[in-house]
Each structure stands twice: as C-alpha cells, then as structure tokens.
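The block underneath contains the structure these notes are about, expressed in structure tokens.
By convention in this document, chain letters (A, B, ...) are assigned in the order of the sequence lines, proteins followed by strands, and residues within each chain are numbered from 1.
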Number of protein chains: 2
Amino acid sequence: MSLSDLFGGDPVVSGQQVRIEPTQQRSTARLSGLLDAAAVVVDEVGFDRITTAMVAERAGASIGTVYRYYPDRVAVLQALRERAVLRFRQRVVDQLRSSGPETWWDAVDCAVTAFVDLYRTEPGFRIVHFADRERTPISGSEELESGYFARQLAGVLAEEFGLHGGPDLIFRLEVTVEMADSILSRAFHSDPNGDDRFIAECRRVMRDYLAGYYGPIAATV
Amino acid sequence: MSLSDLFGGDPVVSGQQVRIEPTQQRSTARLSGLLDAAAVVVDEVGFDRITTAMVAERAGASIGTVYRYYPDRVAVLQALRERAVLRFRQRVVDQLRSSGPETWWDAVDCAVTAFVDLYRTEPGFRIVHFADRERTPISGSEELESGYFARQLAGVLAEEFGLHGGPDLIFRLEVTVEMADSILSRAFHSDPNGDDRFIAECRRVMRDYLAGYYGPIAATV
DNA sequence: CTTCTATGATCGAGTTCCGCTCGGTGAGCA
DNA sequence: TGCTCACCGAGCGGAACTCGATCATAGAAG
C-alpha cells in the first residue's frame, strides 16, 4: 500500500458528477474552463449568490453548455470541490515525495502545508470548503468525506511510521482532520493570506493531540 | 462584570436583521412564529431546499408578511441562527447558575453540555449551524462571531476562576471554540442524537488543550 | 366605556429573475 | 460527405420578492 496509491490514486470521477463524459478534446478544456470560471465567481460573489449564468458567461460558454455537463447548479459546486480535493491530495503526495518525511509528524505537517497552500492559491477553495458541511448524507461519492482522508492517512502512518493502526487511529485522525479544518478555516476567515497565529496553533494542537496517544515524535520509527 | 451580564445580556437584535421593528403585540408573535416555522422546515427539507413560501405557509402567514420582516431569504436563516445563538447563551447561563461550577473546567463543560442539548432539542439548530461558515465578513452584528463568545467566556474564566486574562486567553478560547464546534458538529453529522464518542473526545481535547496552558484543573481557584 | 381614526399589520396577485430544457446549428472525425 | 459530438440561446416553470388594497389594533377623544 504505497503512498501514491493512497493519495494520488484514481481521480474522483464518480460518473454521477458529469452528465456526459467528453470524448473530443475541446470539451475537456470546456469542462475545466467551467470549473475555473465557477471558482473565480464563487470567490467574487459567494457561495449562494452564484448563478449558472455567471459561470457560463465567465467561461465564455452558453448556459446550455453548463447543463450539458452538470445536472444542476449544486453539481457544479460539488465538481469544483472534488477537483480541489483531488488537487489537495496530489499536493500532499508531492510534498511527501520532495521532503521525504522521517517521522509521522513530518507527514502530518505536509498535509497542513498543502492545505494552507491551496487556501492561498487555489481560487474558490475557501468558499467551496466552507460549504462542505451542508452536503446531504445521501451524497454519492464517499471519497470526499473527511473520514475517507482520515482512513487513507491512517494507512500511511501505520505502514510507513509504525503507528499502531486500526479503528482507534482512524477515529483520532478524523478528530484531527476536523480540528485542523476548522482552525485553518478560521485562520483564513478574515486574512486572505492566512493568520499565521492560527496556523501555528493548529500545528501545535494536532501534534500535541496525536503525541498524547502515540508518544513523542522522536520515539517513532 | 457578572455572569448574567456577559451571557444573558442584551438580545442580539441588531436592527439590520429585521426590516421593521414590531410595535404591536401580535407582530412579535408573528416574528417568532416565522422563525419557528423556518426551523421546522429547515429540518425537514434542508438548508437550500427551503423556500420563503414554505416558511410562510407553515407559519400560517402570507408571503408578504415574511418580506415585511426580512429583506430576503437568507436573512430569515440568519435570524434563525441569531435566535439559536441567543438561546445557547441563555442555556449556558442557566447551566452555570444551577450547577455552580467550582473550577474553570466546570464552566467550560457547561458550555459543551448546553451546546449538545441545543443540538438535540432545538429545531433547526443543526442545519443553521452548518451554514454558519458561509457568512460573509461584511455581515453586521459581531456578537455572533465565535470570537465574541470567546471574549465573553474569557471574562468569566478570568473573573471567577482567576485564569490570567488578556489576549492570549481570548485567542486560546477562540481556538477552543472552533475545535469544539467542529468536533461536535461531526458528532451530530450522521447521528441525530450525537455520537457520544466524538462528544467525549471533544471534552477531552478541550480540557487537555486549555490545561496545557493554565495547569491542571484542581490547581486553579 | 364607547366610538373614531391613524397607523401598524396582513394579504396575495403580479413582476422579475433564475434554474433548467430542448430543438436547431456549427465543428470535428471517419 | 455524412455523422456524431459540442454548442447555442430563446423559452418555460417556479421561486424570490414588491406593492397597493384591506383588515386589526392602540390610544385619543368624548
């Protein structure tokens, strides 16, 4: 169970998202163009002020094109969020590869860094993420739940750094993810660049919480 | 600076929420009736399926009455959230009064209990809370920010239990509030009665985090 | 204790705007 | 040269929201 398998794995395309899988090349460009537009618009006018017409106009497409690919307004936002999550996972993998973590904390820290980076650079990431909570439990793909990421991360930490795996580790990581999520969101709430005080405290909280169960960092591996 | 001053203080009526302050008696009943209806409807159909017509019908009012009091659809939800926050604060005061906390942790624990109680009993509390993150920074009343509650709580803890006050305490309490908020929301995410495992872990996280700064509980006062 | 009346409160048909559809047109592939 | 994929945008239904007509109430006047 390698790192890249866990994080970079198959893209989160759960055919329910896109109405029609594009076959020609230009249409895939359209698809990402629509999402780019949605990301920008959502940053400008907010999550529930966004209209499909705005997205279409910003993307240089017609309203019909939007609905060719997405069944409804929310689906566009969901797709935007899926892409952001995908990019987040990819970013984590890149960070892990380039930095070569030596302890379990290094790995967790990479995830924080990746998250902060995306908040800073990825248009629409902030608002889409905020809306995350509202999703109905019926929503199809489970890969977007915080629990999914927690499970993946648990696999890595158990495999690579010898942490004792199992449901307890998963549970604690899920708690950790929720905490980090909220504190980091708070960091970006008023400061578009992220309030370093909250970011630092987030790292501290995560480290202390996990170290309380799995011992000081140096002791592992 | 007494407890009731801090928490139970002036109601969160910041004239921007309501278009016209009601003067007659029946209209105040209408207002709360509208919010009651909105709370029920929001529990039934969800946050973004709710329509102003549904709220009006459920409240036995006409559509025009809704717009007499609230400028738009979102304002109704915001008002619902304001009332829920107000009731939360009131509940905390009640709990504190009846239980007579002896340590700072007892006081914090009261807040958790009140929050959980509201999640369980207050219609609409869950969904309204989910939407909480989305609020625009321009939004008027600051009394609803998590920071406000953190400041109030900091006053109580410093005054009553001798914790060293100031910006550091406020900051840590704000972090605490964010953490608790997210973990408790997670507890109710799939379990309408609240997953006790997450609730217990929430308490543990809060206690450990604050105790790390302000010493073990028994040592205070 | 009654009118009487000014004003608050309510109503709901109508307007506007937005999500979404669908038949017709253009662009790329065989 | 067809044939299918991609695109367009006028139009439909419904939801958000307005506004002038109508009713209810508080409080003054008698």
(request) Going 5' to 3' through nucleotides 12-26 of chain D, assign each nucleotide B (protein heavy atom under 4.0 Å from a base atom), S (under 4.0 Å only from sugar-phosphate atoms) or - (no protein heavy atom that close). (result) ---SSBB-----SS-

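In this structure A:Phe198 satisfies the side chain to side chain contact (heavy atoms under 4.5 Å, CB included) test together with A:Ile183, A:Arg186, A:Ala187, A:Asp195, B:Phe171, B:Glu174, B:Val175, sequence neighbours excluded. Taking A:Ile50 as the reference, A:Val41, A:Val42, A:Val45, A:Val55, A:Arg73, A:Leu77 meet the side chain to side chain contact (heavy atoms under 4.5 Å, CB included) condition, with sequence neighbours excluded. Judged as a side chain to side chain donor-acceptor pair (under 3.5 Å), and not counting sequence neighbours, B:Thr51 has no contacts. Taking the side chain to side chain contact (heavy atoms under 4.5 Å, CB included) definition, one finds that B:Asp117 meets it with B:Arg91, B:Gln95, B:Thr113, sequence neighbours left out. B:Arg120 is linked by a side chain to side chain contact (heavy atoms under 4.5 Å, CB included) to B:Val116, B:Phe188, B:Asn193, B:Asp196, B:Ile199, counting only residues two or more places apart in sequence or in another chain.
Between the OH atom of A:Tyr69 and the P atom of C:dT21 there is a distance of 16 Å, rounded to whole Å. The interatomic distance linking B:Asp48 (CG) with C:dC18 (C1') rounds to 15 Å, in whole Å.
A donor-acceptor pair under 3.5 Å links the side-chain atoms of B:Asp43 to the main chain of B:Gly124, judged by distance alone.
Counting any heavy atom pair closer than 4.0 Å across all strands shown, B:Arg68 reaches a base atom.
Comparing C:dC11, C:dA9, D:dC8 by their nearest atom to the side chain of A:Ser62 picks out D:dC8.
Remark: B:Arg30 is in phosphate contact with C:dT10, judged by side-chain N or O atoms under 4.0 Å from OP1 or OP2.
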